[in-house]
Amino acid sequence: MSQQPVLLPYTDPAFLADPFPLYRQLREEGPVRRAVIAGGLEAWLVTRYEDGLAALSDPRLSSDVRDASDPRLMQQLPVTERESMLSNMLRTDPPDHTRLRRLVSKAFTARRVAELRPRVQEITDRLLDDVVAAGRAELVADFALPLPVTVISELLGVPVEDRHDFQRWTDDMLLRRAEMPDPAVVNAAWEQMRSYLTKLLEAKRARPGDDLLSALITARDEEQRLNEDELIAMSFLLLVAGYITTVNLIGGGIAALLAHPDQLALLRDDPALLPGAIEEFLRYDGPVSPGIARFAREEVEIAGVTVPPGATVLIASAIADRDPARFADPDRLDITRRDNAHLAFGHGIHYCLGAPLARLEGQVAIGTALRRLPGLALAVPPGDLRWRPGGLRGPQQLPVTFTPDGDSSGGAG
């Protein structure tokens, strides 16, 4: 393994459009590879599937950024996040993680999520009504983005009139942080989001509703199981985690189909393939790239490579999910693939709590779009699509054309 860290060129449009040749090279060079990632930080990439699977369950690898030895990791976090956002499930380990996750797990069971299907379908059809009426679409802004924003906002109890502000703050924090890293803009958005969540939680405490935020307040006030910072951090995590990765799943899945007409035709002919297609989109080009960060509590050996204490370890799911030792013909999009246990949602105790909801939204959104937008095609050459920089992978825009006489009758299809 080379001792010189490789630079991942997150601002290079060519790399963003197709990072997989470099990812393949890194995997072939070794199972653990030093790299310079976003912000000039160094990480140890775990590039192969079995090693990544093991690393995601290794208790010596922490989710808490305070276990990192590089002070820049903490310094890059906005002041507001340093104060309270470290209290969310993504950034804690047992026993705190166990306690926090238990509080919200009932809202994301397969049964509870299945009950949301009619409402997700209703929102999807309403958005596509507007697209069909307009006769054209930019499917990220017009469809892939507003759908998960609406769903997670309704689940949590965010008032309709506040959702535009929430979306803008989230974009400033997550997207502009990668695209145009202006600390003043990012910090201002964090401050506004924290202030908003504090006021929203006060309103829910005064007048509880049938929503998840009200349930969390009950847990905090009656059972004393959430302190105030944890309550704000949990609210923020649920809002944000339920938003941008699902946008990327929907937009990226449609983009993948449009780039592979044979797979698009196959799915149109047999909508029963849709659940498996969602898993293949997640494996082939998932919404997080290159992967999931952990921090070494102590010296750890991974695939024969010694990783020092405090090192940032990036379990590179986007690389591992194309490991030919695990997946046959891994660089081919195959919506009929059966053995598809990808790492896009993680593994172990931190496995994505919102995975059932993301899958549901992806199935309803993509299935309904294919049915209601016949002749769907890119309005620009594939090479002209721009992809998000940083660790969130998905098309920034997806301009499309379609036959304007699409079915507008609604339904699951």
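For this chain, numbers begin at 1 and follow the sequence in order.
The two residues L378 and T401 make their nearest non-hydrogen contact at O-OG1, 4.4 Å. In terms of heavy-atom proximity, V6 sits nearest to R33 at N-NH1, 3.7 Å. S317 approaches L343 most closely through the heavy-atom pair CB-O, 3.7 Å. In this structure, L100 and M234 approach most closely via the heavy-atom pair O-CE, 3.3 Å. Closest approach of W387 to A255, counting heavy atoms only: CH2-CB, 4.3 Å. Closest approach of G362 to L249, counting heavy atoms only: CA-CD2, 4.4 Å.
By the 4.5 Å heavy-atom criterion applied to side chains, E279 and R359 are counted as neighbours. In this structure the side chain of L213 never reaches within 4.5 angstrom of the side chain of P208, judged on heavy atoms. Two residues are said to be in side-chain contact when any heavy atoms from C-beta on lie closer than 4.5 Å; T11 and P389 fail this criterion. You'll find the side chain of R372 stays beyond 4.5 Å of the side chain of F402, heavy atoms only. Between L45 and L8, some side-chain heavy-atom pair lies under the 4.5 Å cut-off. I302 has its side chain out of reach of W44: every pair of non-hydrogen atoms, C-beta onward, lies at least 4.5 Å apart. Side-chain contact between H347 and S57 is present, with at least one heavy-atom pair separated by less than 4.5 Å. In this structure, P324 and R27 have side chains that are in contact, with non-hydrogen atoms separated by less than 4.5 Å.
Using bins of under 30°, 30° to 60° and over 60° for the plane-to-plane angle, the ring pair F15/Y23 lands in the perpendicular bin.
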Run the salt bridge (charged side-chain N to carboxylate O under 4.0 Å, His left out) test on K199 and E202 for me, step by step, so that the C-alpha distance in whole Å, both residues' side-chain angles and the decisive distance to 0.1 Å come before the verdict. CA-CA 5 Å; K199 293 176 182 176; E202 288 174 355; over 6 Å; no
Using the rule given for salt bridge (charged side-chain N to carboxylate O under 4.0 Å, His left out), can you reason through D165 versus R168, listing the C-alpha separation, both sets of side-chain angles and the distance that settles it, and then say yes or no? CA-CA 5 Å; D165 286 337; R168 176 170 53 84; 3.0 Å; yes
For side chain to side chain contact (heavy atoms under 4.5 Å, CB included), just list the numbers for L41 and T312, CA-CA rounded to whole Å, side-chain angles, deciding distance to a tenth of an Å, and then say yes or no. CA-CA 9 Å; L41 301 170; T312 299; over 6 Å; no
For a side chain to side chain contact (heavy atoms under 4.5 Å, CB included) check, start with the C-alpha distance between F143 and L398, then their side-chain angles and the critical distance, and finish with the verdict. CA-CA 10 Å; F143 182 56; L398 197 59; over 6 Å; no
Pair Y196, D162 - check side-chain hydrogen bond (donor to acceptor under 3.5 Å, both in side chains), show working. CA-CA 9 Å; Y196 170 75; D162 295 340; 3.0 Å; yes
The test is side chain to side chain contact (heavy atoms under 4.5 Å, CB included); show your working for L376 and I254 and say whether it passes. CA-CA 10 Å; L376 187 65; I254 293 175; 4.2 Å; yes
Intermediate values then yes/no, side chain to side chain contact (heavy atoms under 4.5 Å, CB included), L360 and V151: CA-CA 11 Å; L360 170 66; V151 171; over 6 Å; no
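Checked by atom type and distance alone, the side chain of R326 never pairs as donor or acceptor with a backbone atom of R48 at under 3.5 Å. No donor-acceptor pair under 3.5 Å is formed between the side chain of R337 and the backbone N or O of P330. At least one donor-acceptor pair closer than 3.5 Å links the side chain of T403 to the backbone N or O of P374. A donor-acceptor contact shorter than 3.5 Å is absent between the side chain of R386 and the backbone of Q397. Formation of a donor-acceptor pair under 3.5 Å by the K204 side chain with backbone atoms of D211 is not found in this model. Between the side chain of S214 and the main chain of D210, no donor-acceptor pair closer than 3.5 Å is present. With Q363 contributing its side chain and P275 its backbone, the two residues share no donor-acceptor pair below 3.5 Å. Formation of a donor-acceptor pair under 3.5 Å by the D323 side chain with backbone atoms of Y49 is found in this model. When atom types are taken as modelled, the side chain of R294 and the backbone of V313 share no donor-acceptor pair closer than 3.5 angstrom. When atom types are taken as modelled, the side chain of Q263 and the backbone of I335 share a donor-acceptor pair closer than 3.5 angstrom.
Note on residues 137-156: pairs passing side-chain hydrogen bond (donor to acceptor under 3.5 Å, both in side chains), not counting sequence neighbours, are R119-E154.
Between R126 and D129 there is no salt bridge, since no side-chain N of the basic residue sits under 4.0 Å from a carboxylate O of the acidic one. Under 4.0 Å is where a charged nitrogen must lie from a carboxylate oxygen, and between R283 and E280 at least one such pair does.
Listed by chain and number, the residues in a side-chain contact (heavy atoms from CB on, under 4.5 Å) with T98 are P94, R102 (sequence neighbours excluded).
The cationic group of R322 lies under 6.0 Å from the six-membered ring centre of Y284 and within 45° of the ring axis, placing it in a cation-pi geometry.
With hydrogens and angles left out, the side-chain atoms of E191 and N187 include no donor and acceptor closer than 3.5 Å. The closest side-chain donor-acceptor pair between H97 and S63, if any, does not fall under 3.5 angstrom.
The side-chain hydrogen bond (donor to acceptor under 3.5 Å, both in side chains) with R297 is formed by just one residue from the set D93, D64, D58; it is D93.
Separating the CD1 atom in I123 from the CG atom in L128 is a distance of 12.0 Å, to the nearest 0.5 Å. The CG atom of L147 lies 5.0 Å from the CD atom of E361; values are rounded to the nearest 0.5 Å.
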